[in-house]
Amino acid sequence: MTQHVSPPRDTAGPTPPARLPLWRGLPARADLRTLSLLGVLAALVVIGGVTKPDEFLDTRNLQLVLTQASVIGVVTVGMTFVITSGGIDLSVGAIVALASVWATTVATQEYGFAGILFTAVVVGLGCGLVNGLLIAYGGMVPFIATLAMLASARGLALQITDGKTQIVSVDGILNLGERDSYVLGVPPLVLVFASVTVLGWLLLNRTTFGRRTVAVGGNAEAARLAGIDVRRQRLYLYLLSGLCCGIAAFLLIVLSGSGQNTNGNLYELDAIAAAIIGGTLLSGGRGTVTGSVLGVLIFTTITNIFALNNLQSDVQQIAKGAIIVAAVLVQRRTASTT
C-alpha cells in the first residue's frame with residue numbers, strides 16, 4: 001500500500017509585502033480636494049497678477065488680503081467644527097458685533113489691552129454657552145436657537161452703541177495694526193489666524209475631541225450607544241464657536257480701531273460658504289479645517305480682485321453664489337458615488 005506524504009506546511013505564515021518607499025505613497029495620501037482648492041487659489045493669484053500686476057502683487061496688498069482673511073478665517077474654524085457635528089451657527093456675525101462693541105465701551109477701555117481682550121473672549125464664550133445649552137440640553141433645533149441669538153445679539157449691540165461708532169483709544173490695541181508690529185513682514189493678525197488654524201487642525205484630526213465631533217455628526221445615536229455624551233459634546237462645540245467669535249471680534253477691533261454694531265455683517269454666510277467649498281459636509285460627519293481656510297482665502301482673494309478692478313459688488317456676490325452651488329453639487333455627486 002502506497003503512502004502519500006503530504007508536503008510540509010509553512011508555519012512561518014505568509015510573506016509580508018515589501019515596504020514601499022515613502023515617496024511612492026504620497027500620491028495616494030494626497031487630498032484631491034485640497035489640491036483642487038490650491039489650484040483654484042493659484043489661478044486667482046494668476047488672474048490678479050495679470051489684470052492688476054502692480055497693485056495685486058504688491059506686498060502691502062498681499063498683507064491686506066491675509067489680514068482681511070484672518071477675522072472671518074478664525075470664525076470659519078469654529079464654524080467647521082459645528083457643521084462637522086451636524087449643527088449650524090447663524091449667530092456668529094452677531095456675536096462678533098456684540099463682543100466688539102462690549103469690549104470697546106468707555107468703561108472697558110479703562111482696563112486697557114487686557115480688558116478689551118478679556119471682554120471680547122468672555123462675551124463670545126457667553127453667547128456660545130447660551131447656544132449650546134439651548135441646543136444640547138433645551139432640545140432646540142440649531143437653526144432656531146442660533147437665529148434667536150442672531151437677533152438678540154444684534155439688538156443688544158445696537159443698544160450698547162446707540163447706533164454710534166466706539167473709537168478705541170488704547171495704544172496697545174492701535175499699535176498692533178501698525179507696520180512696526182509686523183513680524184518678519186507678517187501682520188500680528190495673520191499670526192493669530194495661523195495659530196488658530198493649526199490648533200483647530202490638531203484638535204479635529206489628532207484628538208479624541210475631534211473623533212467624537214465626527215462621530216456625532218455622522219450618527220448621533222450610534223455615537224451615544226458607543227458611550228459618547230452627545231449633549232455635552234454639542235455644548236463644547238458651541239462654546240468653541242463662541243470662543244472663535246470672541247477672538248475674531250478682538251482682531252476686528254485691532255483692524256478697524258473701533259467697535260460697531262454693524263460688525264460681522266453676513267459673517268455667518270461667508271463662514272458657512274467657506275466651510276462648504278472646503279469640503280465640510282453640511283449633513284455632518286466630515287470636516288476639514290485646511291479646506292475651510294483655503295475657502296476663506298479664495299473668497300477674500302476674489303473680493304480683492306474685484307475691488308482692484310472696480311467691479312460692482314453685485315457681480316462679486318453672484319460669483320460667490322455660483323461657487324457655493326458648484327461646491328454643493330460636487331459634494332452630492334461625491335456622496336452618491338461612495
Side-chain angles (χ1 to χ4, degrees), residues 70-105 119-161 163 196 200 213 216-217 231-253 256 259-276 278 280 282-284 287 289 292 295-296 299 320 324:
S70 298
V71 180
I72 184 63
V74 172
V75 175
T76 303
V77 171
M79 181 69 78
T80 300
F81 278 85
V82 172
I83 297 179
T84 301
S85 71
I88 199 73
D89 192 348
L90 300 179
S91 63
V92 290
I95 294 176
V96 169
L98 179 59
S100 69
V101 300
W102 206 323
T104 54
T105 60
T119 303
V121 171
V122 169
V123 171
L125 283 171
C127 293
L129 176 62
V130 173
N131 280 337
L133 290 175
L134 290 176
I135 294 168
Y137 294 95
M140 292 188 66
V141 178
F143 181 90
I144 300 300
T146 56
L147 185 62
M149 175 59 72
L150 183 156
S152 302
R154 283 289 178 193
L156 185 55
L158 179 60
Q159 186 179 47
I160 291 175
T161 61
V196 171
T213 300
V216 170
R231 294 190 298 178
R232 185 173 60 185
Q233 184 70 17
R234 285 174 174 162
L235 174 62
Y236 289 162
L237 289 167
Y238 282 96
L239 277 171
L240 177 61
S241 180
L243 173 62
C244 289
C245 289
I247 296 173
F250 178 77
L251 298 183
L252 192 56
I253 292 171
S256 63
Q260 305 177 52
N261 66 287
T262 56
N263 283 342
N265 188 34
L266 297 181
Y267 272 19
E268 56 276 359
L269 299 183
D270 289 341
I272 293 172
I276 292 173
T280 300
L282 268 176
S283 57
V289 173
S292 297
V296 170
F299 278 142
K320 284 185 176 181
I324 295 171

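Nothing fancy with the numbering, it's 1 onward along the sequence.
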L133: what forms a side-chain contact (heavy atoms from CB on, under 4.5 Å) with it, not counting sequence neighbours?
L129, Y137, L235

Sub-4.5 Å side-chain heavy-atom contact between I95 and E268:
no

Note: A145 and I135 closest approach over all heavy atoms is CB-CG1, 3.6 Å

Looking at every heavy atom in both A103 and I253, which two are closest together, and how far apart are they?
CB-CD1, 3.9 Å

What I'd like to find out is whether the side chain of V122 reaches to under 4.5 Å of the side chain of W102, using heavy atoms alone.
no

Does a donor on one side chain and an acceptor on the other come within less than 3.5 Å for Q260 and T161?
no

Which atom names give the shortest non-hydrogen contact between R154 and N263, and what distance separates them?
NH1-O, 2.9 Å

With T76 via side-chain hydrogen bond (donor to acceptor under 3.5 Å, both in side chains) - residues at least two apart:
none

Do N261 and I160 touch side chain to side chain, with heavy atoms closer than 4.5 Å?
no

Between C127 and L98, the two heavy atoms sitting closest are SG-CD2, 3.9 Å

Spatial distance of atom CD1 (I272) from atom OG (S292) [nearest 0.5 Å]:
11.5 Å

Quick one: side-chain contact (heavy atoms from CB on, under 4.5 Å) partners of L269, sequence neighbours excluded?
L266

Rounded distance [0.5 Å steps], OG in S100 versus CG in L252
6.0 Å

V82 meets the side-chain contact (heavy atoms from CB on, under 4.5 Å) criterion, sequence neighbours left out, with D89, Y238, S241

Can you list everything that forms a side-chain contact (heavy atoms from CB on, under 4.5 Å) with S152? Sequence neighbours excluded, please.
none

Is any side-chain heavy atom of V75 closer than 4.5 Å to a side-chain heavy atom of C244?
no

Rounded to the nearest 0.5 Å, what separation is found between the CD1 atom of I83 and the OG1 atom of T213?
13.0 Å

With N131, which residues qualify under side-chain hydrogen bond (donor to acceptor under 3.5 Å, both in side chains), at least two apart?
S91

To check you understand the geometry: which heavy-atom pair defines the closest contact between G259 and V101, and what is its length?
C-CG1, 3.9 Å

How far apart are the closest heavy atoms of A120 and A99, and which atoms are they?
O-CB, 3.7 Å

The criterion is ring-ring contact (aromatic ring centres under 6.0 Å, His included); which residues satisfy it with F250, sequence neighbours excluded?
F113

Residues forming a side-chain hydrogen bond (donor to acceptor under 3.5 Å, both in side chains) with D270, sequence neighbours excluded:
none

So CD1 of I88 and CG of L147: to nearest 0.5 Å the spacing works out to 12.0 Å

Once you round to the nearest 0.5 Å, how far does CG of L134 lie from CD1 of I144?
12.0 Å

Rounded distance [0.5 Å steps], CZ in R234 versus OG in S85
7.0 Å

